[in-house]
Amino acid sequence: MKKVRDLLAGKNKAIYSVSPHSTVFEALQMMVEREVGALMVWEEEGKVLGIITERDYARKVVLKGKKSPETKVEEIMTPARVLFTVKPDTTVEECMILITGKRIRHLPVYEGNKFIGLVSIGDVLKSIISEQESLIEQLSNYIAGKF
């Protein structure tokens, strides 16, 4: 089974982040421009303060009647201390269990104390589907006598 390091190797190496003092509107603009559903929040490179996601926006701004141009990221972000994280050696299967069990969509990846990337539910699903398609093809070839 693939590991988180394999998922990160196949992704864009850029890590998108926003300052905690930015407005939610600015964060949303960046998400749209980068075509992502989450941004890491940090004060300085390498020191993760949390994550802001589309879900944070929907639940903590829209549903509470706040205004995104006036609300700061730090007011609605999910703080780092409560984030579920994984390591490069974590398997894709373990990620799926965590994502479905905790009902989350993004997993920050840490090597020791250093943040090295972000894995999304989409990354995990693509990997699982790709592995299953490969297995189906191998089984079909076996059944058809192509081996």
Side-chain angles (χ1 to χ4, degrees), residues 1-20 22 24-64 66 68 71-144 146-147:
M1 168 130 316
K2 285 187 179 180
K3 297 190 180 231
V4 168
R5 78 171 74 264
D6 302 318
L7 298 181
L8 291 178
K11 289 181 68 157
N12 180 344
K13 301 292 184 226
I15 297 172
Y16 303 121
S17 66
V18 65
S19 162
S22 298
V24 171
F25 185 80
E26 292 168 330
L28 291 171
Q29 283 181 314
M30 187 180 294
M31 284 185 215
V32 169
E33 290 168 7
R34 306 285 197 275
E35 298 180 345
V36 296
L39 299 170
M40 297 308 296
V41 181
W42 55 40
E43 194 73 61
E44 54 193 59
E45 187 89 21
K47 182 160 186 322
V48 174
L49 300 177
I51 190 171
I52 181 170
T53 68
E54 293 167 328
R55 187 181 281 183
D56 289 326
Y57 170 69
R59 293 181 178 181
K60 300 173 187 173
V61 176
V62 175
L63 291 178
K64 296 202 175 183
K66 294 183 178 183
S68 59
T71 305
K72 300 292 184 195
V73 167
E74 63 192 348
E75 296 174 46
I76 71 158
M77 71 180 189
T78 302
R81 71 182 183 290
V82 299
L83 288 176
F84 294 97
T85 64
V86 293
K87 299 175 181 174
D89 288 330
T90 304
T91 66
V92 171
E93 183 179 74
E94 291 170 320
C95 290
M96 191 61 168
I97 291 168
L98 189 57
I99 285 171
T100 56
K102 300 299 182 183
R103 298 178 189 247
I104 55 178
R105 297 179 181 173
H106 301 89
L107 291 170
V109 182
Y110 281 85
E111 194 156 38
N113 291 329
K114 184 181 179 197
F115 172 79
I116 61 167
L118 188 64
V119 173
S120 72
I121 189 170
D123 300 326
V124 172
L125 285 173
K126 282 180 203 169
S127 176
I128 290 171
I129 290 169
S130 172
E131 220 168 277
Q132 288 176 346
E133 286 174 344
S134 176
L135 180 60
I136 289 168
E137 183 179 346
Q138 290 173 17
L139 290 171
S140 295
N141 288 339
Y142 178 76
I143 290 168
K146 293 185 179 179
F147 286 115

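Everything quoted here is computed from the prediction, not taken from an experiment.
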Quick one: closest heavy-atom pair of [X] and [Y], and the distance?
X	Y	answer
F115	P108	CE1-CB, 3.8 Å
K60	M77	NZ-O, 3.9 Å
W42	S17	NE1-OG, 2.9 Å
V119	L7	CG1-CD1, 3.7 Å
S68	Y57	CB-CE1, 3.9 Å
I15	M40	CG2-CG, 4.5 Å

Side-chain heavy-atom pair [X], [Y] within 4.5 angstrom cut-off:
X	Y	value
L8	R5	no
E43	P20	yes
P88	V109	yes
M31	I52	yes

Using 0.5 Å steps for rounding, measure from the [atom1] atom of [X] to the [atom2] atom of [Y].
X	Y	atom1	atom2	value
L139	Q132	CG	CD	11.5 Å
H106	T78	NE2	OG1	10.5 Å
I104	C95	CD1	SG	9.0 Å
E75	K64	CD	NZ	11.5 Å
L39	M30	CG	CE	6.0 Å
E111	I116	CD	CD1	4.5 Å

Quick check: are there more than 12 heavy atoms from other residues, nucleotides or ligands sitting under 6.0 Å from [atom1] of [X]?
X	atom1	answer
K102	NZ	no
K126	NZ	no
R59	CZ	no
Y16	OH	yes
E74	CD	yes
R105	CZ	no

Begin with the C-alpha distance, continue with both residues' side-chain angles, and end with the deciding distance and a verdict on side chain to side chain contact (heavy atoms under 4.5 Å, CB included) for L125 and M96. CA-CA 8 Å; L125 285 173; M96 191 61 168; 3.3 Å; yes

Is S127 reaching over with its side chain to a backbone N or O of V124, donor-acceptor style, under 3.5 angstrom?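 No; judged by distance alone, with no hydrogens or angles, the pair does not exist.
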
Which is it for L118 and I51 under the side chain to side chain contact (heavy atoms under 4.5 Å, CB included) test, yes or no, and what are the steps along the way? CA-CA 10 Å; L118 188 64; I51 190 171; 4.1 Å; yes

Can you tell me which residue among V92, T91, V4, I99 is in a side-chain contact (heavy atoms from CB on, under 4.5 Å) with V86?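 Answer to the side-chain contact (heavy atoms from CB on, under 4.5 Å) test with V86 among V92, T91, V4, I99: V4.
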
